[in-house]
2 protein chains.
Amino acid sequence: MTATIQTISPSCSDCPIRHRAVCARCEMDELERLEEIKYYRSFEAGQTIIWSGDKMDFVGSVVSGIATLTQTMEDGRTQMVGLLLPSDFVGRPGREGAAYDVVATTDILMCCFRKKPFEKLMSETPHIAHRLLEMTLDELDAAREWMLVLGRKTAREKIASLLSIIARRDASLTGDGGVRPMVFDLPLTREAMADYLGLTLETVSRQISALKKDGVIHLEGKRHVTVPDMGRLMEEAGDDSDGGVFA
Amino acid sequence: MTATIQTISPSCSDCPIRHRAVCARCEMDELERLEEIKYYRSFEAGQTIIWSGDKMDFVGSVVSGIATLTQTMEDGRTQMVGLLLPSDFVGRPGREGAAYDVVATTDILMCCFRKKPFEKLMSETPHIAHRLLEMTLDELDAAREWMLVLGRKTAREKIASLLSIIARRDASLTGDGGVRPMVFDLPLTREAMADYLGLTLETVSRQISALKKDGVIHLEGKRHVTVPDMGRLMEEAGDDSDGGVFA
DNA sequence: CATCTCACTTGATCTGGGTCAAGGATTTTT
DNA sequence: AAAAATCCTTGACCCAGATCAAGTGAGATG
């Protein structure tokens, strides 16, 4: 149950996540400096990557697999505060410790940079700091969108919101535009969905069954989802602001 | 009901919010450049400062007064996603439009910088970009802490959480350390609290009454709050992580 | 001084989602 | 192939918080 630390380190331009990673706009000499501090790290499903409060000596991006950011109260109530899908960034440059538990939900491969040298590089390279700010603003928007979901939506709307976010992210990763019907696999257990949505796993299960009965989604097995009509799903989510992805 | 635009523009070093403002670590020539693009703007209680989606041509900080960031669904359900107290920063450098409605809850004075030149200054001054990143990370932490409140806390815990956050902020502004008992004025109506907490105003009212009956807080009028024991309040909030302010 | 309005309180009732409990379907272990 | 462990579903019941409704109290307005 320990992390396999692999030092594959292909050249940064081969990095499978370069389209969103900080290195996307780097010059050759910056690439070389990034190369020196870069390493890959893989974790098994269920492993905790970082514990809240632990010192975090790296930043990085998810290459493949899924992880979650969660907060837990003393009595065990837990709330997921972030979902890390491939290309998402993890880490808080300038901060010592981790603020949340980071848990691998599936087997996961991360592309990491040692934190200290990364910060040095960042302070010397304006566009990296810029890119970080942009990504942090994106995360802030996502967190605030989720506050509306948690605070004001019904259980059914919450499920529909989650499905439509996952579908959207999945489509943008596979470049699968607005093709209908939309097909994807749920990367989360019912319990993890419940933790994201502020519900119980029973309610999640019931609402998924209800959406299925009403023909909003179709299920094969427990995880494989087909959405015959994304517009319908987003209506169910109470969401007109579709972000233009499926316009 | 239009905004009074005053161009008081005292020198930046006189800025009442310089301790948290972006200019805190600026050199003299940067201060002068900031001075050129700086202006003050005041709004009356109830005024909407920016509408979600509107083009936003400034960034800035709250000097005095309170504003809120809110999101609204088509059917009128609203969720507050941020509370802007004095010294808080507003604006999304690098983004065109506003993502949320910004509403003045009390009369408010803002210290603004024109956006385009501010962005230029930012791209030429690493430590400003740095400071912005830090502030955005703070906001992200606050948003995620609030996700736990919205998703997993009971009505009573939500109220206690809000009171303890306001008390904390108030104390750090007035430099009023850990002095017990803690006294402050609620800057929000019951309805605004409800919008922040994902509750109805009736529930907010009932829970405040309950906390009062149980001696957790004491009320004079409807807004003036005395907290005889901050530790007790934070227990009620289900919150051990007190941020060390009242350790 | 009477009336309005706005912010709040309190009561009565209803209901969405939580809780508790009993399975079912797959996969993993032995 | 039996046993155990996961993950999921469904039913029955309950309760925290929503909804509906009727006030109260303190400023503002005429």
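Naming: A, B, ... by sequence-line order, numbering from 1 per chain. The analysis underlying the following values was restricted to heavy atoms, covering all of them including side chains, and did not include hydrogens, waters or symmetry mates.
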May I have the distance from [X] (atom [atom1]) to [N] (atom [atom2]), rounded to whole angstrom?
X	N	atom1	atom2	answer
Ile208(B)	dT10(C)	CD1	C1'	14 Å
Glu191(A)	dT6(D)	CD	C1'	11 Å
Leu201(A)	dC7(D)	CG	C1'	9 Å
Lys213(B)	dT9(C)	NZ	P	15 Å
Ile159(B)	dC8(C)	CD1	P	12 Å

Between Ile159(B) and Leu211(B), is any pair of side-chain heavy atoms under 4.5 Å apart?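 Yes, at least one pair of side-chain atoms sits under 4.5 Å.
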So for Glu202(B) and dC8(C), does any side-chain atom that can act as donor or acceptor lie under 3.5 Å from a complementary atom in the base? no
When you look at CD of Glu191(B), are more than 12 heavy atoms from neighbouring residues, nucleotides or ligands closer to it than 6.0 Å? no
Whether over 12 other heavy atoms sit under 6.0 Å from His218(A) NE2: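 Check fails, neighbour count at 12 or below.
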Is Ser205(A) touching bases, backbone alone, or none of the nucleic acid, heavy atoms closer than 4.0 Å?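 If one applies the 4.0 Å heavy-atom cut-off, Ser205(A) turns out to touch a base.
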What I want to find out is whether Glu202(A) reaches Arg206(A) closely enough, with some N-O distance under 4.0 Å, to be called a salt bridge. no
Under-4.0 Å salt bridge between Arg190(B) and Asp195(B): no
Per atom distances to the Arg190(A) side chain, the nearest of dT10(D), dC8(D), dC8(C) is dC8(D)
If only side-chain N and O atoms count, and only distance matters, is there a donor-acceptor pair under 3.5 Å linking Ser52(B) with Asp101(B)? no
Could you report the tightest heavy-atom contact between Trp146(A) and Met147(B), atom names first, then the distance?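 Nearest pair, atom of Trp146(A) first, then Met147(B): CD1-CE, 3.3 Å.
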If you measure from OG1 on Thr70(A) to CE on Met80(A), what distance do you get to the nearest 0.5 Å?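 The CE atom of Met80(A) is 7.5 Å from OG1 of Thr70(A), to the nearest 0.5 Å.
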Before you tell me yes or no, could you show the steps for Leu219(B) and Ile208(B) under side chain to side chain contact (heavy atoms under 4.5 Å, CB included), namely the whole-Å CA-CA distance, both residues' side-chain angles and the distance that decides it to 0.1 Å? CA-CA 9 Å; Leu219(B) 274 185; Ile208(B) 288 180; 3.8 Å; yes
Along nucleotides 12-17 of chain D, 5' to 3', which nucleotides get a B, which get an S, and which get a -, given that the test is a protein heavy-atom distance under 4.0 Å? B----S
What are the residues of residues 218-226 of chain A, sorted by number, that bring a heavy atom to within less than 4.0 Å of DNA chain C?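 Contacting residues: none.
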